[in-house]
Amino acid sequence: MYSRRGKRNPREEKKDLHRINDAIRIPEVRLVGDNVEPGVYKTSRAKEMAVELGLDLVEISPNAVPPVCKIIDYKKFLYEQKKREKTLKAKASQVTVKEIRFGPNTDDHDYEFKKKNAIKFLKDGSKVKAYVFFKGRTIVYKDKGQILLLKLAQEVEEYGTVESMPVMEGKRMTMFIAPKKKK
């Protein structure tokens, strides 16, 4: 398992996730499967049935009384399980957050350009973190910054919903907009 230097040997095989065939040492098991009669069998008889079918006896639920076993092709079972996990992982949505930075005195043209980007991000399914950065003496224009963010929220209303209203965090006034769910 470990080499002389104490590091893990990457070629060492991992322990199986399920007990199979001779690793099952319980007197009785509940047998389920496609081509067998479901019921409680002696483990030796269940192993014989698996050998007759040319498949493996796999312990599916070890905590049940008696433990549940299934006669299947173990390698195929592992492959399908990995495939299922992969599809579930692919379906899990990744939330990306795109940032848009304004100044308290942002010009109309710059504002329109950034608003267009915010709409594009929301259509793509990303959250938008819009913030006004106050540099130096511009901190006195907090109200301008809040008006700017609220105006943005109102204009992108059909693409996203405001998750949090404008909040001051140090020299920034931040607001989050989440995309609307697609039907």
Please list, one pair per line, the donor and acceptor atoms closer than 3.5 Å that link side chains of residues 97-106 to other protein atoms, with sequence neighbours excluded.
| residue | atom | partner | partner atom | Å |
| --- | --- | --- | --- | --- |
| N105 | OD1 | K144 | NZ | 3.1 |
| T106 | OG1 | G103 | N | 2.8 |
| T106 | OG1 | G103 | O | 2.6 |

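Remark: F77 pairs with H18 by the ring pair (Phe, Tyr, Trp, His ring centres under 6.0 Å) rule, at least two apart or across chains. Considering only residues two or more places apart in sequence or on other chains, K115 meets the salt bridge (Lys or Arg N to Asp or Glu O under 4.0 Å) condition with E112, E155. K47 pairs by the salt bridge (Lys or Arg N to Asp or Glu O under 4.0 Å) definition with D22, not counting sequence neighbours. By the side-chain hydrogen bond (donor to acceptor under 3.5 Å, both in side chains) test, E157 is found to be paired with no residue, residues two or more places apart in sequence or in another chain being considered. By the salt bridge (Lys or Arg N to Asp or Glu O under 4.0 Å) test, E52 is found to be paired with R45, residues two or more places apart in sequence or in another chain being considered. Residues passing the side-chain hydrogen bond (donor to acceptor under 3.5 Å, both in side chains) test with T43: none are found, sequence neighbours excluded.
Under the 4.5 Å side-chain heavy-atom criterion for ILVMFWY residues, no single connected hydrophobic cluster contains both I72 and Y79. By the rule that hydrophobic residues join a cluster once side-chain heavy atoms approach within less than 4.5 Å of another member, L152 and F176 end up as members of separate clusters.
Looking at heavy atoms from C-beta onward, L150 lies in side-chain contact with Q146 at the 4.5 angstrom threshold. With contacts defined as side-chain heavy-atom distances shorter than 4.5 Å, the pair P67/R30 does not qualify.
The other residues sharing a hydrophobic cluster with Y131 are F133, where clustering joins ILVMFWY side chains under 4.5 Å apart. Taking a 4.5 Å side-chain heavy-atom cut-off between Ile, Leu, Val, Met, Phe, Trp and Tyr, the cluster of F113 contains only that residue. Clustering of Ile, Leu, Val, Met, Phe, Trp and Tyr by side-chain heavy atoms under 4.5 Å joins V167 with none of the others. Other members of the hydrophobic cluster containing M49, listed by chain and number, are I24, I26, V29, L31, V36, Y41, L53, L55, L57, I71; membership follows side-chain contacts under 4.5 Å among ILVMFWY residues, whether direct or relayed.
Legend: salt bridge (charged side-chain N to carboxylate O under 4.0 Å, His left out) pairs involving residues 54-72, not counting sequence neighbours, sorted by first then second residue: R19-E59.
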